[in-house]
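Working notes, structure below.
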Amino acid sequence: MGANIAANPGRVHRPGSRVDPGGASDGAVQRAAASVREMVMERRLLPGQQLRQEDLAKQIGISRGPLREALQILCVDGVVTHERNRGYFVTQFSSDEMGQLYLARDLLETVVLSSLPIPSEEDLAELVASNEAIRSAGVDTDLVMHHNDRFHAAVLALSTRRLLVGEIERIWRMSIAYRALSLSVLSDAAAVAEEHDRMLDALRAGDGPQLAELWRSHRQVSLTRLAPILR
């Protein structure tokens with residue numbers, strides 16, 4: 001559920017640079033990583049599914065060299081895992097592991113949200129626009145996911161506690177496949193937008209504890225939607 005949440009912080013891109021002499025360009029690697037991440041987000045690749053590099057390279061329209069490097073980046077991010085002699089798979093979590101991820105989020109997000117400053121009018125306008133885009137998306141799950149991530153990332157970006165926010169974003173990246181599945185069972189995005197409306201009211205009032213509590217409830221609804229999938 002943020003703008004930079006899907007971004008990869010593990011690689012610094014310099015225009016015209018290369019990963020290694022004669023290797024794939026950073027741009028090609030980043031493009032491949034973004035494409036695979038998008039396929040996971042759009043549920044074209046599901047938790048536990050094996051990633052066949054030859055097929056993926058054809059779908060993305062890129063050679064296998066940069067794709068291999070992209071998969072290594074996604075492995076560090078926790079989006080995919082690698083098994084010796086078997087290859088890469090979309091990361092799959094057990095119910096207990098997902099509970100641990102959500103507990104870690106609860107602890108970190110509560111600290112961050114409780115101390116947020118009142119947003120500027122410009123920041124509020126951006127948040128409102130993202131939320132209205134969610135409300136207008138209806139049953140378009142991919143669009144809901146995109147704007148939902150933007151909304152949550154924009155809220156977290158208000159914090160000066162960058163180390164904690166970075167850790168939250170890492171957990172979001174790890175669980176991207178499951179967040180997408182959680183949103184996919186929604187019948188309409190209006191309920192999500194209405195929960196965000198209440199968060200915006202708490203932000204305007206400078207009520208960090210209330211925002212954290214609303215966020216916790218919002219997070220729990222998402223985990224509840226995942227329960228049948230995790231079983």
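Computation of the quantities below employed the complete heavy-atom set of this structure, encompassing side-chain atoms and omitting hydrogens, waters and symmetry-equivalent molecules.
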Intermediate values then yes/no, side-chain contact (heavy atoms from CB on, under 4.5 Å), Val79 and Met174 | CA-CA 5 Å; Val79 178; Met174 289 173 65; over 6 Å; no
Ignoring hydrogens, what is the shortest heavy-atom contact between [X] and [Y]? Give both atom names and the distance.
| X | Y | value |
| --- | --- | --- |
| Tyr102 | Ser222 | OH-OG, 3.1 Å |
| Ala177 | Val40 | CB-CG1, 3.5 Å |
| Leu116 | Leu158 | CD2-C, 3.9 Å |
| Leu67 | Ala57 | CD2-N, 3.7 Å |
| Ala154 | Leu127 | CB-CD2, 3.5 Å |
| Leu71 | Val80 | O-CG2, 3.6 Å |

[X] side-chain N/O to [Y] backbone N/O, donor-acceptor pair under 3.5 Å:
| X | Y | answer |
| --- | --- | --- |
| Ser217 | Glu213 | no |
| Thr91 | Gly78 | yes |
| Glu69 | Pro66 | no |
| Asp207 | Ala202 | no |
| Ser120 | Asp123 | yes |
| Gln49 | Leu46 | yes |

Let me confirm one number: the [atom1]-[atom2] distance from [X] to [Y], rounded to the nearest 0.5 Å.
| X | Y | atom1 | atom2 | answer |
| --- | --- | --- | --- | --- |
| Asn131 | Asn148 | CG | CG | 9.0 Å |
| Leu203 | His196 | CG | NE2 | 11.0 Å |
| Ile73 | Arg68 | CD1 | CZ | 13.5 Å |
| Arg31 | Asp26 | CZ | CG | 11.5 Å |
| Leu183 | Asp140 | CG | CG | 11.5 Å |
| Asp201 | Met199 | CG | CE | 11.5 Å |

Can you find a heavy atom in the side chain of [X] that is under 4.5 Å from one in the side chain of [Y]?
| X | Y | answer |
| --- | --- | --- |
| Ile134 | Arg150 | no |
| Met39 | Gln59 | yes |
| Thr160 | Pro117 | no |
| Gln50 | Arg52 | yes |
| Arg43 | Asp142 | yes |
| Gln100 | Phe93 | no |
| Val155 | Leu113 | yes |
| Val128 | Phe151 | no |

Are His218 and His152 close enough that their ring centres sit under 6.0 Å apart?
->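 Between His218 and His152, the centre distance is under 6.0 Å.
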In terms of hydrophobic clustering (I, L, V, M, F, W, Y; side-chain heavy atoms under 4.5 Å; direct or indirect links), are [X] and [Y] co-clustered?
| X | Y | value |
| --- | --- | --- |
| Val76 | Met41 | no |
| Ile62 | Tyr88 | yes |
| Leu211 | Val111 | yes |
| Leu107 | Ile168 | no |
| Leu164 | Ile171 | yes |

Run the side-chain contact (heavy atoms from CB on, under 4.5 Å) check on Trp215 and Glu195 step by step: do they pass?
-> CA-CA 9 Å; Trp215 196 287; Glu195 291 174 7; over 6 Å; no
Looking at [Y] and [X], is any side-chain nitrogen of the basic one under 4.0 Å from a carboxylate oxygen of the acidic one?
| X | Y | answer |
| --- | --- | --- |
| Lys58 | Glu54 | yes |
| Asp197 | Arg135 | yes |
| Arg170 | Asp77 | no |

Considering residues, nucleotides and ligands other than Glu122, do more than 12 of their heavy atoms fall under 6.0 Å from its CD?
-> no
Is the CG atom of Leu103 crowded by more than 12 outside heavy atoms at less than 6.0 Å?
-> yes
With side-chain contact (heavy atoms from CB on, under 4.5 Å) as the test, would you mind laying out the steps for Ile118 and Arg204 before giving the verdict?
-> CA-CA 6 Å; Ile118 296 177; Arg204 291 187 185 97; 5.9 Å; no
For Ser182, the option from Leu226, Val221, Ile229 that meets side chain to side chain contact (heavy atoms under 4.5 Å, CB included) = Leu226
Evaluate side-chain contact (heavy atoms from CB on, under 4.5 Å) for Gln72 paired with His82, printing each intermediate quantity in order.
-> CA-CA 9 Å; Gln72 290 168 12; His82 182 264; over 6 Å; no
